[in-house]
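Working notes, beginning with the structure itself.
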Amino acid sequence: MRSSPRKAQYWLVKSEPDCFSFDDLWTAPRRTTGWDGVRNYQARNFLRDAMRVGDGVLYYHSGAEPPGVAGIARVASASYPDPTQFDPAAEHFDPKSRREMPLWFQVDIQAVRKLPRFLSLRTLKSEKALARMRVLQRGQRLSVMPVEPAEWGIVLALGGLEARDF
DNA sequence: GCCAACGTTGGC
DNA sequence: GCCAACGTTGGC
């Protein structure tokens, strides 16, 4: 039996630009980095179980002035164990994790396009069509979350990109 | 299994 | 710096 083509999937990831900005990703080797350090089970499940190579990623700057979407990226690898969980010197070392049964996973993400217009949180909130977007719901703190295909299209358009730019 | 205390996130 | 919201921890 053959599987039918997958529907396109989209995600949003958060990063504090003081820590790792979209420009940092853009200038990284192959414009790619391992998205390590995620230590939330719901976010872990998205990384480990749902993300696929080629999925679209909105790169969101949190803790920034202003916060908002800075660029788009793509999932560039299958998920694999986050090596920092095993490193006692790493900030996100997790002594509960075992190499034979890792707790935490990551994917590689690769920058695709910088948004011609940075899309501030304020602007996102003002867009009625995005009212249900997950990142805009009060109290949500996930650093990795799904984005609806329609929302992806609206965000790209607001940011000055077209669908074919991805 | 409950729930209070605590730590973290992240906008403002 | 403040604080609301949330996840985790640990006593019971």
From [atom1] of [X] over to [atom2] of [N], roughly how many Å is that when rounded to an integer?
X: A:His92; N: C:dT8; atom1: NE2; atom2: C1'; result: 15 Å
X: A:Arg141; N: C:dT8; atom1: CZ; atom2: P; result: 9 Å
X: A:Gln137; N: B:dG10; atom1: CD; atom2: P; result: 15 Å
X: A:Asp18; N: B:dT9; atom1: CG; atom2: P; result: 14 Å
X: A:Trp104; N: C:dG7; atom1: CH2; atom2: P; result: 13 Å
X: A:Lys14; N: B:dG11; atom1: NZ; atom2: P; result: 6 Å
X: A:Tyr41; N: B:dT9; atom1: OH; atom2: P; result: 15 Å
X: A:Asn45; N: C:dG7; atom1: CG; atom2: P; result: 13 Å

N or O in side chain of A:Lys96 less than 4.0 angstrom from C:dT8 OP1/OP2: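 For C:dT8, OP1/OP2 do not have a side-chain N/O of A:Lys96 under 4.0 Å.
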Shortest side-chain distance from A:Gln42, nucleotide among B:dG11, C:dG7, C:dT9: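 Nucleotide nearest to A:Gln42's side chain: C:dG7.
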Selection from C:dG7, B:dC12, B:dG10 that lies nearest to any side-chain heavy atom of A:Asn40: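 Nearest to the side-chain atoms of A:Asn40, counting from C-beta on, is C:dG7.
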Validation row, ring centre A:Trp104 to ring centre A:Tyr41 under 6.0 Å: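 For A:Trp104 and A:Tyr41, the ring centres are under 6.0 Å apart.
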Pair A:Trp35 and A:Tyr59, ring centroids less than 6.0 Å apart: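 Yes.
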Any A:Thr84 side-chain heavy atom under 4.5 Å of A:Glu91 side chain: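 Result no, sub-4.5 Å side-chain heavy-atom pair not found.
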Any side-chain heavy-atom pair of A:Met133 and A:Leu58 under 4.5 Å: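 A:Met133 vs A:Leu58: side chains touch.
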